[in-house]
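What follows is a single structure, written as structure tokens, with notes after it.
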Amino acid sequence: MSEQNETGSDFIRRRVEADLASGRYGGRVVTRFPPEPNGYLHIGHATAICLNFGIAEQYGGRCHLRFDDTNPEKEDPEYVRAIQDDIRWLGFDWGEHLYFASDYFEKMYECAEGLIRDGLAYVDSQPLEAIREGRGSLTEPGVDSPYRDRSVDENLDLFRRMRSGEFPDGAHVLRGKIDMAAPNMLMRDPVLYRIRHAEHYRQGDRWCIYPLYDYAHCLEDAFEDVTHSICTIEFENNRDIYDWVLEHTGFEEPRPHQHEWAGLDLENAVLSKRAIGPLVAAGLVSGWDDPRLATIAAYRRRGVPPEAIRKLARMVGVSRSGARTEEAKFDFAIREVLNTQAPRVMAVLDPLRVVITNLPEGHLEDLDAAYFPSDVAREGSRALPFSRELWIERSDFEEVPPKGFRRLVPGGEVRLRHAYVIRCDEVVKNEGGAITELRCSMDPDTKGGAAPGGRKVKGTIHWVSVAHAVDAEVRLFGPLLEDAGDGSDPTTVATGGAQDGGEPVEVDITERVDPESLIVVRAKIEPSVTADPPETRYQFERTGYFWRDPVDGRMDDLVFNRIVAMKSTYRPGGGVAKADESAAGVPTRPKQSKGRGDKDSTVTTVPKPQVGEGRAIAREEDATLRDRFTRYQQELGLSREHADVLTRTRRVGDFFEAALAEHDDPVGVAAWLVTDVRGLLDGRTLGDLPFGGRELGRLAALVANGSVTRRAAKDVLARLAEQGGDPRALVAEMGLEALADTDQLSGIVDGVLAAWPGKVEEYRAGNENLIGLFVGEVMKVSKGAADPRVARTMLIERLRS
RNA sequence: UGGCCCGUCGUCUAAUGGCAGGACACCGGUCUUUGGAACCGGCGGUGGUGGUUCGAAUCCACCCGGGCCAACCA
């Protein structure tokens, strides 16, 4: 497959590259993976590990493993150990950079005293409920705490006494003094410290005040000189506090910055610790490493190779949009890795006895069977005992075969893999009518599976010798929860009732466990496996990839886990089924797939007002804006939409009018301002720009008189937005004067066509969309100085001849 | 009556104003001693409406849809 996507850049790597290029961090790249040791890591964490450690590797930096253990009530050393095992197993190494947030408590405390001294933090003695109420709501501002204006001395005294253990839990908290009316709820005086008299697994009872995430995390990053603090998208609202805390605790640029990405959501995987914990506690799974779980430990136990998880991470990529990855993609990654590694052996999961009637009792021959098919470049074979009585898969025989069935049927032939072609002569049934045995004859001329004389034998099936097969327990895994495919929080379920507003209701996750998520089968396996190292991963031919369960199957017991089923394109009777079900009698459960939103439902036929509500209100309150709105339309001929945007605030209009003073083309200047200038703001307001309306007007004038193309003018505008300056001087400095010389342009055009012979041919064959490519190339070569219209005309002329 | 973020084939993702590309899935075909693998081909997409531009997935406006935020969790 293509590696393009796997080595490709993503928006976070591009930011790292930009910071490297600008020298912002002096060439350093430091990332970190910061789990809280309160549970096992899952596949979502695994992709985060790949991202953080991968970036460090790629850019010659380092990645820290830091345990974010700031909450004494949930954390446990068992998880510290397990998390390290998981990361190492995935193939990553933090070297000497192992850290614990709790080791920073003293430094964090000092920073907090600093905030208090600077008047930026205060001790709030309201009860929890009062603090919560005071915060306001999503639509209403909060109110100041009555303790908000305590003196520095009082705050310091109280905070020190909080630390010394003088107060019970909940008596006081330390809060940042930010803004109780902030639109971002998290900025409404966030709680920085709380009192908790609890035993910390690492710090014991040294502390009874504990810092909260928003205060602690950014400091941890800063203490460790982290450059790029990567987290998932739900922490986006927390970025403001991250920056606020570092800003006010003395960390100057270059300091760490937070970057968010969407993280992984995997179909059929239960990904929250909150959901997994109860299942483990209730004994509905065998532990955090139950192979039906999506924890790293579970995949490891199941037999998934770590390369497959890394491969999945590369395939899925990195973005900010909500992402739910199909399970099939993970299955593909697993098979892709295992295909070239796993020796093929035979195992019958649902046995049916076959007697070869033209073989004498006690017949035995050892066949030499290669471990790998010819398309896998690996050596090796084993002896395979063949005798008079064999097991075959029950699903490989059909008395009344559906259309397209290529296996054994009454009177039909099939090849036994590595052995002989057999014919089914007789079907033996019990009183109940169930098939108990097949009586077949073999063709001795087909040893090794050869079909001499151009004979076509379509089907090949796997088998084992009854007398030599070993019994094994085989475990097949399916989705743990019923209806887990819809991506909803597995601990809640929407009732959908109109009476209760469809609010999600807590539901006992243990009731949703699918009893068929684990199917245990007594299988017959060829004897060679008993001589293999127990950690061998096999392909049981035609059935799937398996290995011995590391917990229950490594001593004398043969217990195999199915890692993943084979991909199968066989659809019995034209219907839909999976290879696993046809091979092992696993019932089919329809898979759900869910798209994002209902796209068809967005069709609107009612014309919508193209005028912003907020701006209309602003005009109602301000006569100047109101006057401008009508004047811009009636006197200057602007569209309603442009007039609307230009009367959002007075400043926009002032900017516009200043530009007009330099270049009297209201419609043109408005277009520049409304689309291009606003496009460059990127969170800033017009007042933040290092240039004003006069510069915009001058630039527009340069375009109007043909000194510079509009395309090049956009580059000038971008430069203006960065550093200001005089448009005319910038045009000269950047070498963007419009290209008036047609000979020169002609040369560029010829050069472009010569550089793209294949595309020229394609264009001439009818793909006229390619004109965009050619014009684009001409513009690129000329740095935007060429007149695109002239260039286009020239190109079309040349392409026609 | 809030703020912020996100909408590209069924799914994940690329295109940084200039060729809408790749992967998975699906459907054909070739080959095959695994209904596997490999190889070849096909299917199929910029949420909508306007605007700016020679040119818009990309910039602007409005609309629609989805997500996050009111723990003394992380």
Side-chain angles (χ1 to χ4, degrees), chain A residues 1-2 4-5 8 14 36 38 68 70-71 73-74 128 131-132 135-140 142 169-170 173 182-186 188 191 193-196 212-213 217 233-234 236-238 260 262 267 315-317 319-326 328-329 332 335 339 344 373-376 406 415 417-418 448-451 457 459-460 462 539 541-542 566-570 579 593 595-599 601-604 607-612 639 641-642 644-645 671-672 674-676 678-680 710-711 714 759 762 767 769-770 772-777 779-780 787-789 791-792:
Chain A
M1 66 169 289
S2 164
Q4 182 187 325
N5 223 19
R14 277 197 293 274
E36 182 185 16
N38 68 345
D68 205 2
T70 56
N71 182 357
E73 289 165 319
K74 291 190 187 171
L128 195 150
I131 290 178
R132 193 175 292 160
R135 197 144 26 216
S137 73
L138 296 176
T139 51
E140 302 150 36
D169 289 4
V173 292
N184 179 352
M185 296 287 301
L186 294 179
R188 319 247 257 230
V191 174
Y193 270 91
R194 56 176 176 159
I195 300 172
R196 196 93 336 171
L212 264 22
Y213 171 86
H217 201 93
I233 203 88
E234 68 266 24
E236 199 167 10
N237 298 313
N238 303 63
E260 310 89 21
E267 180 188 23
M315 285 173 70
V316 165
S319 79
R320 283 178 72 83
S321 37
R324 159 157 270 244
T325 297
E326 288 177 335
K329 187 162 286 198
F332 170 85
R335 292 189 196 110
N339 179 43
R344 274 63 167 172
S374 56
D375 52 29
V376 174
R406 306 222 300 245
R415 173 166 34 235
R417 173 104 231 221
H418 295 121
V457 180
T460 301
H462 57 277
Q539 185 192 107
E541 290 205 57
R542 303 207 305 133
M566 298 299 278
K567 178 179 168 152
S568 170
T569 51
Y570 174 53
S593 70
R596 202 184 310 135
D598 184 5
K599 289 171 183 171
S601 69
T602 63
V603 177
T604 47
K608 288 286 188 297
Q610 299 280 293
V611 165
S639 68
E641 182 194 322
H642 284 186
D644 175 45
V645 175
W672 274 103
V674 169
T675 59
D676 300 294
R678 290 182 62 77
L680 290 165
R710 200 179 192 287
R711 176 70 187 71
K714 288 199 67 164
K759 295 293 181 182
E762 247 184 81
N767 184 3
N769 280 348
L770 287 171
L773 167 69
F774 299 130
V775 176
E777 285 303 305
M779 297 306 286
K780 205 180 290 173
D787 182 327
R789 273 179 263 225
R792 177 183 296 258

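Lettering of chains follows the sequences in order, A, B, ..., and the numbering in each one begins at 1.
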- prompt: What's the shortest heavy-atom distance between D169(A) and R196(A), and which atoms?
  reply: OD1-CA, 3.3 Å
query: What does L186(A) touch in the nucleic acid at a heavy-atom separation under 4.0 angstrom: a base, only the sugar-phosphate, or nothing?
result: sugar-phosphate
field: Options C24(B), G35(B), G3(B), nucleotide nearest the side-chain atoms of M315(A)
entry: C24(B)
- request: Measure distances between side-chain N and O atoms of Q539(A) and base N and O atoms of G36(B), and say whether any donor-acceptor pair falls under 3.5 Å.
  value: no
d(CZ, R417(A); C1', A37(B)) in whole Å: 12 Å
message: Consider side-chain contact (heavy atoms from CB on, under 4.5 Å). Of R542(A), E541(A), H418(A), which one does R344(A) pass it with?
response: E541(A)
task: Answer yes or no: does a side-chain N or O of K759(A) lie under 4.0 Å from OP1 or OP2 of G18(B)?
output: no
query: Can N38(A) and N71(A) be said to form a side chain to side chain contact (heavy atoms under 4.5 Å, CB included), step by step?
result: CA-CA 9 Å; N38(A) 68 345; N71(A) 182 357; over 6 Å; no
- request: State the pairing partner of G2(B); accept Watson-Crick or G-U wobble contacts with both distances under 3.5 Å, and report none otherwise.
  value: C69(B)
task: For T70(A), report the nucleic acid contact type (base, sugar-phosphate, nothing); a contact means any heavy atom under 4.0 Å.
output: sugar-phosphate
- request: Take atom C1' in G2(B) and the same atom in C60(B), then report the distance between them in whole Å.
  value: 24 Å
- prompt: Which of these nucleotides, A70(B), G67(B), C12(B), is closest to any side-chain atom of E236(A)?
  reply: G67(B)
- request: Tell me, with the steps shown, if Y213(A) and E36(A) meet side chain to side chain contact (heavy atoms under 4.5 Å, CB included).
  value: CA-CA 11 Å; Y213(A) 171 86; E36(A) 182 185 16; over 6 Å; no
task: Send over the distance from I233(A) CD1 to C5(B) P, rounded to a whole Å.
output: 10 Å
- request: With heavy atoms under 4.0 Å as the rule, sort E234(A) into base, sugar-phosphate or nothing.
  value: sugar-phosphate
- request: Could you check if a side-chain atom of Y570(A) sits within less than 4.5 angstrom of a side-chain atom of R406(A), using non-hydrogen atoms only?
  value: no
message: For a quick check of understanding: with a heavy-atom distance under 4.0 Å over all strands, which category does G449(A) fall into, base, sugar-phosphate or nothing?
response: base
- prompt: How is N767(A) classified with respect to the nucleic acid when contacts are heavy atoms under 4.0 Å: base, sugar-phosphate, or nothing?
  reply: nothing
- prompt: Under 4.0 Å: is that the gap between some side-chain N or O of R711(A) and OP1 or OP2 of U53(B)?
  reply: no
message: Within the structure provided, determine whether K329(A) and E267(A) are in side-chain contact (heavy-atom separation under 4.5 Å).
response: no
- request: Quick one: classify the glycosidic conformation of A71(B) as syn or anti, with syn meaning within 90° of 0.
  value: syn
Phosphate OP1/OP2 of A70(B) contacted by S137(A) side-chain N/O (<4.0 Å): no
task: Please report, rounded to the nearest Å, how far the P atom of A38(B) is from the CZ atom of R335(A).
output: 11 Å
- prompt: Does E641(A) make a side-chain donor-acceptor contact with the base of G51(B), cut-off 3.5 Å?
  reply: no
query: Is any side-chain heavy atom of D676(A) less than 4.5 Å from a side-chain heavy atom of R710(A)?
result: yes
- prompt: Who is the Watson-Crick or G-U wobble partner of A61(B), with both distances under 3.5 Å?
  reply: U49(B)
message: Rounding to an integer number of angstrom, what distance separates U8(B) and G35(B) when you compare their P atoms?
response: 38 Å
query: What integer number of Å spans the P atoms of A23(B) and A37(B)?
result: 15 Å
message: Starting the side chain at C-beta, find the nucleotide from A70(B), G18(B), G3(B) nearest to L138(A).
response: A70(B)
message: Could you report the tightest heavy-atom contact between A262(A) and S321(A), atom names first, then the distance?
response: CB-O, 3.1 Å
Nearest-Å distance for atom pair CE/P, residues M185(A) and A70(B): 7 Å
- request: Using a 4.0 Å heavy-atom cut-off across all strands, classify H642(A) as base, sugar-phosphate, or nothing.
  value: sugar-phosphate
message: For the P atoms, the ones on C64(B) and on A57(B), what distance do you get once it is rounded to whole angstrom?
response: 23 Å
message: Just to be sure I understand the rule, does R132(A) reach a base, reach only the sugar-phosphate, or reach nothing, if contact means heavy atoms closer than 4.0 Å?
response: sugar-phosphate
message: Tell me the closest heavy-atom pair linking N339(A) and V376(A), and the distance in Å.
response: O-CG2, 3.8 Å
Given C68(B), C72(B), G17(B), the nucleotide with the shortest approach to the side chain of K714(A): G17(B)
- request: Please state whether the phosphate of C72(B), meaning OP1 or OP2, lies under 4.0 angstrom from any side-chain nitrogen or oxygen of R135(A).
  value: yes
- prompt: Expressed as a whole number of Å, how far does the P atom of C63(B) sit from that of C12(B)?
  reply: 27 Å
message: What contact category does K780(A) fall into here, base, sugar-phosphate, or nothing, at under 4.0 angstrom with non-hydrogen atoms?
response: nothing
statement: Among U34(B), G2(B), C19(B), the one nearest any side-chain atom of M566(A) is U34(B)
message: Under 3.5 Å, is there any donor-acceptor pair linking the side chain of N769(A) to the base of C19(B)?
response: no
- line: Between T325(A) and P788(A), whichever has its closest RNA chain B nucleotide further toward 5' is T325(A)
query: C1' atom, A20(B) versus A56(B): distance in rounded Å?
result: 12 Å
- prompt: At under 4.0 Å, does any side-chain N or O of T460(A) touch on OP1 or OP2 of U32(B)?
  reply: no
- prompt: So, is R789(A) close to the C54(B) phosphate, meaning a side-chain N or O under 4.0 Å from OP1 or OP2?
  reply: yes
- prompt: Contact class for D375(A) vs. all strands (heavy atom < 4.0 Å): base, sugar-phosphate, or nothing?
  reply: base
task: Mind checking L770(A) for me? I need base, sugar-phosphate or nothing, with any heavy atom below 4.0 Å counting as a touch.
output: base
- prompt: Of H418(A) and T675(A), whose nearest nucleotide on RNA chain B comes first from the 5' end?
  reply: H418(A)
task: Provide the distance between the two P atoms, one in G51(B) and one in G67(B), to the nearest whole Å.
output: 32 Å
Rounded P spacing from G10(B) to C69(B) in Å: 30 Å
task: Just call it for V674(A): base, sugar-phosphate, or nothing, with non-hydrogen atoms closer than 4.0 Å on any strand.
output: sugar-phosphate
message: Once you apply a heavy-atom cut-off of 4.0 Å, does E140(A) come out as touching a base, just sugar-phosphate, or nothing?
response: nothing
task: Please determine if a side-chain N or O atom of R710(A) lies less than 4.0 Å away from the OP1 or OP2 oxygen of C54(B).
output: no
message: Closest approach to the side chain of R324(A), judged atom by atom: which nucleotide of A37(B), G2(B), C12(B) is it?
response: C12(B)
message: Taking 4.0 Å as the cut-off, does a side-chain nitrogen or oxygen of N184(A) come that near to OP1 or OP2 on G2(B)?
response: no
message: Within the 4.0 Å heavy-atom criterion, would you say A451(A) contacts the bases, only the backbone, or no part of the nucleic acid?
response: nothing
task: May I ask you to decide whether E260(A) forms a salt bridge with R320(A), counting only side-chain N to carboxylate O separations under 4.0 Å?
output: yes
message: Heavy atoms only, 4.0 Å cut-off, all strands: where does R320(A) land among base, sugar-phosphate and nothing?
response: sugar-phosphate
field: Stacking check Y570(A) vs G35(B) (5.5 Å / 30 deg)
entry: yes
message: Can you identify which nucleotide, out of U1(B), A74(B), A37(B), has its nearest atom closest to the N339(A) side chain?
response: A37(B)
query: Of all the nucleotides listed (U13(B), A61(B), A74(B)), which has the minimum atom distance to the side chain of S321(A)?
result: U13(B)
